[in-house]
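Notes follow the structure.
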Amino acid sequence: MRLVMIGAGGHGRAVLEVLRDAGWPDPVGVLDDDPACRGLPGVPHLGPLARAAALRAGGVEGAHVALGDNARRRRLGEELGRLGFTLPAFRHPSAVIARDAALGPGSVAMPRVVLGAMARVGAHVILNTGCIVEHDCVVEAGCHVAPGAVLGGGVELGAGAMVGILAGIRPGRRIGAGAVVGMGAAVLEDVPPAARVGGVPARPLGEG
């Protein structure tokens, strides 16, 4: 499959290494709105995102949005889908993914990710290096589970939620859409949509 990447920043470089380690051919190029963009290592800059439709018409079948911003990654991924691009899910060879787990289109499982039995991960999700998403978890579209974070069994992440580096979430908790769990937090209770929590145990940020 001929593939174009979206985004030439740090996450784009990380995803490119996942593709190469997994045996995918290099992308034909990368789209990035920064006019000073130099592309990705070994992958040329093809211009701004507005060129996506022309690339699809020219026979580029696949695309991947490699952007850290949850809302923008999901929005652009959905736009590319409407243009007719295939949005493959990528997994590093070191990721451990249960046979009955699901990794949605446009999502990526970085090195040493663990995705447990019957876990369901939606579209355009980042499972970052070394995170653990245990059995029966549900991770909705556009989420990011940061390096080393752990979701206990049956945790649910609403669309666009962010779980920070080394955070832990108690089994069965619900993190609402757009919520942010801070680095190293220990989440023992449900988190409302759009809330920001941190600490051990996690509390709304700003509380004494």
Side-chain angles (χ1 to χ4, degrees), residues 1-95 97 102-113 115 121-131 139-147 157 159-165 177-178 180:
M1 178 189 298
R2 300 178 69 210
L3 178 90
V4 64
M5 293 266 288
I6 312 298
H11 183 57
R13 293 192 294 274
V15 171
L16 179 61
E17 289 304 308
V18 170
L19 298 187
R20 287 172 170 169
D21 288 349
W24 283 77
D26 273 2
V28 298
V30 59
L31 299 179
D32 194 297
D33 286 340
D34 182 356
C37 176
R38 298 183 178 181
L40 292 166
V43 176
H45 180 220
L46 299 180
L49 274 60
R51 288 209 60 209
L55 289 172
R56 180 67 194 95
V60 177
E61 304 100 330
H64 183 84
V65 183
L67 299 174
D69 182 287
N70 284 351
R72 190 167 184 235
R73 183 177 64 255
R74 181 183 178 186
R75 176 175 58 80
L76 290 175
E78 290 172 350
E79 289 177 3
L80 291 166
R82 288 191 289 271
L83 288 173
F85 284 97
T86 298
L87 304 167
F90 299 131
R91 54 182 289 183
H92 191 270
S94 65
I97 298 180
L103 187 63
S107 293
V108 59
M110 303 297 278
R112 303 190 309 280
V113 162
L115 185 60
V121 175
H124 314 299
V125 170
I126 300 172
L127 300 181
N128 221 323
T129 306
C131 74
V139 179
E140 296 180 9
C143 291
H144 181 177
V145 184
L157 299 186
M162 169 71 189
V163 180
I165 294 171
V180 176

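For clarity, every value in this text was computed on a predicted model and none was experimentally measured.
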- Counting only heavy atoms not in R38, do more than 12 fall under 6.0 Å of its CZ? no
- Task: Could you pull out the closest heavy-atom pair between L40 and G7, with the gap in Å?
- Result: CD1-O, 4.2 Å
- Item | Backbone N/O of A8 and side chain of D32: donor-acceptor pair under 3.5 Å | yes
- Decide yes or no for M5 and V43: does some side-chain heavy atom of the first lie under 4.5 Å from some side-chain heavy atom of the second? no
- Task: Supply the atom-to-atom distance H124 NE2 to L76 CG, rounded to the nearest 0.5 angstrom.
- Result: 9.5 Å
- Item | Considering all heavy atoms, the nearest I97-A109 contact | CD1-CB, 4.1 Å
- Note on the structure: V4 and V60 have their tightest heavy-atom pair at N-CG1, 3.9 Å
- Message: Could you go through V28 and L55, starting from their C-alpha distance and side-chain angles, then the distance that decides it, and tell me whether this counts as side-chain contact (heavy atoms from CB on, under 4.5 Å)?
- Response: CA-CA 10 Å; V28 298; L55 289 172; 5.5 Å; no
- Item | For the student: nearest non-hydrogen atoms of R13 and P41, plus distance | CG-CD, 4.1 Å
- From L31 CG over to I6 CD1, what is the distance, rounded to the nearest 0.5 angstrom? 4.0 Å
- Does S107 reach the main-chain N or O of G122 with its side chain, forming a donor-acceptor pair under 3.5 Å? yes
- Task: Considering only NZ, NE, NH1 and NH2 on the basic side and carboxylate oxygens on the acidic side, decide whether E79 and R75 come within less than 4.0 Å.
- Result: yes
- Task: Kindly write out the residues that satisfy side-chain hydrogen bond (donor to acceptor under 3.5 Å, both in side chains) with D33, not counting sequence neighbours, or none if the list is empty.
- Result: none
- Under 3.5 Å, is there a donor-acceptor pair between the side chain of R73 and the main chain of L67? yes
- At their closest point, which heavy atom of V125 faces which heavy atom of G142, and how far apart are they? CG2-N, 3.8 Å
- Task: Return the orientation label for the F90 and H64 ring planes: parallel under 30°, perpendicular over 60°, tilted otherwise.
- Result: tilted
- Task: Over all heavy atoms of both residues, which pair between A146 and C131 is shortest? Give the atoms and the distance, please.
- Result: O-CB, 3.5 Å
- Close side-chain approach of H92 and M110, heavy atoms under 4.5 Å: no
- Query: How far does CD of E78 sit from CZ of R74, to the nearest 0.5 angstrom?
  - Reply: 5.0 Å
- Query: Could you walk me through whether V145 and L157 pass the side-chain contact (heavy atoms from CB on, under 4.5 Å) check?
  - Reply: CA-CA 9 Å; V145 184; L157 299 186; 3.8 Å; yes
- Do P88 and L3 have side chains that get closer than 4.5 Å, going by heavy atoms? yes
- Note on the structure: In this structure, CZ of R112 is separated from CG of N128 (nearest 0.5 Å) by 10.5 Å
